[in-house]
Structures are given as C-alpha cells and as structure tokens.
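Atoms within each ligand, like the ligands themselves, are counted from 1 in listed order.
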Amino acid sequence: MREYWTSLASLMGALAFLQGVLHAVFPAELRAAVARLLGRATRAFSPYCYFDVTETDGMSNNEIYDAVQLYLSSTAAPASGARLSLTRPHNASSFTFGLAASDRVADSFLGAAVTWEHVVAPRQSPGFSWRPLPEEKRRFTLRIRRGDREKLLPAYLDHILAKAQDIKRRSQDRLLYTNARGGGMDARGLPWDPVPFKHPSTFDTLAMDPDRKADIMADLRDFSNGSAFYERTGRAWKRGYLLYGPPGTGKSSMIAAMANFLGYDVYDLELTEVSSNAELRKLLMKTTSKSIIVIEDIDCSVDLTNRAAMAQPAPKPRPSITDGTADHDTTGAATGRSITLSGLLNFTDGLWSCCGSERIFVFTTNHVEKLDPALLRSGRMDMHVFMSYCSFPALKILLKNYLCFQGDSDDCADVVRAMEEWIEAAEITPADVSEVLIKNRRNGKKKTLVELLEVLKARAEKRQRDSGTAAARKDAGDNEEEEEEKRALESPKEGKGQQAGKDSCQDGQDEETDAKKQL
Ligand SMILES: Nc1ncnc2c1ncn2[C@@H]1O[C@H](COP(=O)(O)OP(=O)(O)OP(=O)(O)O)[C@@H](O)[C@H]1O
Ligand SMILES: [Mg+2]
C-alpha cells in the first residue's frame, strides 16, 4: 500500500514538472490548441457523448438552462448529497435548490444513467455588449452513453422542461382570477383580474367522509397525470365537477382544497357579468391550462330556464341561461345579448372548451334539482359530489383541526363518542360546527366539546319536534283534502282545481321556509 502511494506521488510530481515545462516553453495559444486537440481525440474514443446547456443563448437567457437548474434542484440533487445553492424565484413563497458551481450529479431516465455537471468559468474576453454580461460563464454539461442517445433525446429534455414548469408553478403563489370588470379589458387586453390566492383550505382540513375524500383526491391525481390517457382516448383534457349541497357544507372550501392540491390557478367566473355567448367564449380562451374554472351558485347567478320551459319568452332582460339549441329560442340566442344554455354547454363541452388543456370546470349549487339535466350529464359534469351535513367522521376532522382532538386516546374521547348519537339527527353543517368551536375557543377543549354536544342535542330534539308537528299538520291537511274532495263530489261546479293549485304552491313555500330555518 505504501509503495502504491509513493508511486502515485512520484507520478503527480512528474506531471506537475511536465506542466511547468510546457508552461515555460510553449505560448498560451499553442497550449490551448493542444488541449482542444487532446479533448477532441479523447471524446472520439469515449463511450459517452456530451451536451452543453449554456446560461445564455446569444443575447437572451437560455430557457433550458433555467429548466435544468430547477429540475436538478427537485429530483436528482437532494438525493445525491451534492452541494446545493439556495434561491427564491420571483413571486414565489418557497425556496428552491440548485446545483452549486462545479458540482456533479447523477440522474436516470428510462433506465439509462446520465450525469450532469455544473461548470462555471470566468468570462475571458467580455468584448462589446449592449447589456452587462455576468463575469462568469455558466453551463450544465450532460453526459450520456452514446448508445442511449436515441432513447434519451429529446424525450429526456421534454421531461425536464415539463417538470421544471411544474416546479415553478407549484413554488409560485396561486392566482385567483375574476371577471368582475363586466366584460371590460385591462391594458394588456385581458378580461380577467388576478389576485394572489392564499386560501388555507386543503384536503387535510376539509371535513368530509374520508373515503369520499380519498376518491376525489385519486380522481384529481389521475386527471393531472392523465396527459397520455386523454391523448390516447381522443378526449379533451378536462374534467367537470358539480358540487352540490346546503350552504356551509364546504363547496367553496373544496374548490380551494382542489386548487392547493393540484397547484392550479382558479378562475372565478361571475356569469352575471357576462352578457353574451361570444363574451363567454372570449373569457374561456383567455384562461390558462392547469386551472380550475368555477361557476358558483349556478342556479342563482342567472335565470336557468330548462329545456321544457324553452317555449316561454324570457321575462326579464338580465342574463339568462336558455337552451339556444332549440329553434324557438326567443331569448338570448336570437338577440345575441344573453348567455344561452347551449353557450354554457359549449363553454364546458364543445369545441371551444378544448382550446388549452388540463382544465377543471367546477359548478356549485344549493339546488341541484333546479339544474337542466343537459348540464349534468356525464362528459359535462363527470363527478357529482354531494356535500352533506356533518357526519361523525367529518366532525372528528373538524375537532382535530380546531381542538387538536387526538381520537380515542384523547382525554375528552368520551364526550366526542357521545356526539356520535346526535350528529346525524342534528343535521348540522360543518360551517355551524366550526362556528361553535370558534366561539368557544377560549374556554378550553373539554368545555367547548360539552357546549358542542349540547348544541347537537338541542338541534336534534328541535328537528324531532318539528318533524312531529309537520307530520301532524300533514295528517290534518290530508283530512281536510278528503273533506274537500267529498264536498267537491257533492257540488262539482266549485272551482276546485284553482284552489288545489293555490294550496300546493303555498305548501311549497312553507316547506321552503322550514328548510331555510333548519339550515
Ligand atoms: N367541509 C368542511 N370542512 C371544513 N370546513 C368547512 C366545511 N364546510 C364548511 N366549512 C367552514 O365553513 C365556512 C363556509 O364554508 P364554504 O364557504 O366552503 O361553504 P359552501 O358550501 O361553499 O357554502 P355556500 O353554499 O353558502 O356557498 C368555511 O370557511 C369553513 O371554515
Ligand atoms: Mg360557497
């Protein structure tokens, strides 16, 4: 071993001596030429080929250099133990890592091993330039086996660019776009106003049945990784979600959780601000891919005339959704001044919906029964998600979020267990549960839980009493109806039909008022 080190030291010494002689005897230009020649000769016989990705491409920045930097930061570098540089890109709230100067990192793609080297050299002759150039020349050098070249290029570079794009998007703050300008454009001709979107809702904080939550997350994951699938099956890369349920059950929170989960921007489309199908199309064309396009409370924001009601002229001039496919469309399509149902369907499903890709449409409503079936069919709204009153598993998620409830091992587990008996009967929304928890947050965990249990009991008992009263009222109504029928049979000329119609309408109103009270 000692002999080995001695001979290695003498070899190094000889090389240093040779280098000294070369420096003393030959001019720098000659030395550089010899080095180039040697390099070329070595590369000709090398089993590898090399690709340089320089920081600048002539005058402009090289987009591939930035992409490689980002890519190596997230994938290969952290695992390799290589030395990393730390940066925070513009408009980003998180840090990214990069490969430090003169460091090397290994990666693999499609089973082939590759090596990246980050080479930083001082700029020798700056020469004339319109803009100040950095003092160093930077480049990444990719080394791959000659035999892998066909397989890796350009697929590997495409992969790097896509991955870098994704990292950049995820590290940047989400944006929420609105079209509240009423069809007007900004200075750059864009109809959408962006604001930073920092909604804290995530699938962790969302209170709903864990199995359904897992289904939705899996669906979203499949969607965002489904580029090849959508291409193979000839489908537009988009997905429709209909979220429906009573107010305060988490529909808007779910949209925020979806955006945070996928790292997508959100376009909040205010239909009442859109005056025509053409404007709707323009708005759609100005959305970016990897985004969620949301129409909240679709049944309330505009008049929704279903197909059966198409023959009726629209009673009001405000935006209405009507089925413009019908010949007798006397409302929007004829005048071109309002949104028609076919316009909206085209927006979500027609040829126009395919300009751009990877977009999710989300409609929310409190009254799914009011929607035209044309809007609900598969392909338009692929997933129908019922956001229901708080179930026991959902309640436990809220308790974990608000009170750090630990489950069965928690000191207060007995109070929570008692809630299981009442929660379904109480028909309480997660929003109402949250309110109780927030209001009592200074009272300590135990007191808050006891208070919540009382609220649940009170609600459940009230609902029981109300349903008892309603049943009694219904019995009384039935009896009255029977009496009336008898009377009508005895004197058939009385205006029975008219009266019955009035009563049923009144009943409907009563029911609605009762329902609102419960919510
Ligand atoms: N499922 C839930 N999980 C966690 N928090 C919820 C949930 N549902 C409601 N909340 C809480 O209640 C508030 C209101 O919820 P959200 O706005 O998401 O309800 P919504 O279903 O969209 O109501 P609306 O139909 O009135 O628009 C939220 O800020 C959140 O704090
Ligand atoms: Mg909402």
Worksheet entry | Chi angles and distances behind the side-chain hydrogen bond (donor to acceptor under 3.5 Å, both in side chains) call for Tyr264, Glu358 | CA-CA 10 Å; Tyr264 286 7; Glu358 212 181 335; 2.5 Å; yes

Worksheet item: Does the N or O separation between Gly250 and ligand 1 drop below 3.5 Å for any pair?
Response: yes

Worksheet, complete the sentence: shortest atom 7 (C) of ligand 1-to-protein heavy-atom contact is with Pro430 CB, 3.4 Å

Discussion item. Under 4.0 Å, counting heavy atoms only: does Thr429 come that close to any atom of ligand 1?
Written reply: no

Worksheet item: Can you tell me which residue and heavy atom of the protein come closest to atom 15 (O) of ligand 1, and the distance to 0.1 Å?
Response: Ser253 OG, 3.8 Å

Worksheet entry | Protein heavy atom at shortest distance from atom 31 (O) of ligand 1 | Tyr402 OH, 4.0 Å

Discussion item. Using a 6.0 Å cut-off, check whether atom NZ of Lys400 has over 12 heavy atoms from anything other than its own residue.
Written reply: no

Worksheet item: According to the interplanar angle, ranging from 0 to 90°, do the rings of Phe223 and Trp237 count as parallel (below 30°), tilted (30 to 60°) or perpendicular (above 60°)?
Response: tilted

Response to the item:
Nearest heavy atom to atom 17 (O) of ligand 1, choosing from Ser388, Ser434, Ser252, belongs to Ser252

Worksheet item: Against heavy atoms of Asn366, which atoms of ligand 1 measure under 4.0 Å?
Response: 25 (O)

Practice prompt. Determine whether the side chains of Thr178 and Glu270 contain a donor N or O and an acceptor N or O closer than 3.5 Å.
Written response: no

Discussion item. Is it the case that the side chain of Lys251 and the backbone of Met387 share a donor-acceptor pair, with hydrogens and angles ignored and the cut-off at 3.5 Å?
Written reply: no

Practice prompt. Considering the heavy atoms of Pro247, write down every atom of ligand 1 situated less than 4.0 Å from one of them.
Written response: 23 (O), 24 (P), 25 (O), 26 (O)

Worksheet item: Would you say Ser252 has an N, O or S atom lying under 2.8 Å from the Mg ion (ligand 2)?
Response: yes

Response to the item:
min-distance protein heavy atom vs atom 14 (C) of ligand 1 -> Ala431 CB, 4.2 Å

Worksheet entry | atom 5 (N) of ligand 1: nearest protein contact (heavy atom, Å) | Leu398 CD2, 4.1 Å

Worksheet item: For Thr365 and Asp299, does a side-chain donor sit closer than 3.5 Å to a side-chain acceptor?
Response: yes

Worksheet item: Backbone or side chain, does any N or O of Lys251 fall under 3.5 Å from an N or O of ligand 1?
Response: yes

Worksheet item: Taking the six-membered ring where the residue is Trp, are the ring centres of Tyr241 and Phe361 under 6.0 Å apart?
Response: no

Discussion item. Which residue and atom name correspond to the protein heavy atom nearest atom 1 (N) of ligand 1, and how close is it?
Written reply: Ala207 O, 2.8 Å

Fill in: Sole candidate of Ile292, Asn179, Thr288, Leu176 that passes side chain to side chain contact (heavy atoms under 4.5 Å, CB included) when paired with Tyr267
Thr288

Response to the item:
heavy-atom search around atom 23 (O) of ligand 1 in the protein gives Gly248 N, 2.9 Å

Worksheet entry | Side-chain heavy-atom pair Asp107, Tyr156 within 4.5 angstrom cut-off | yes

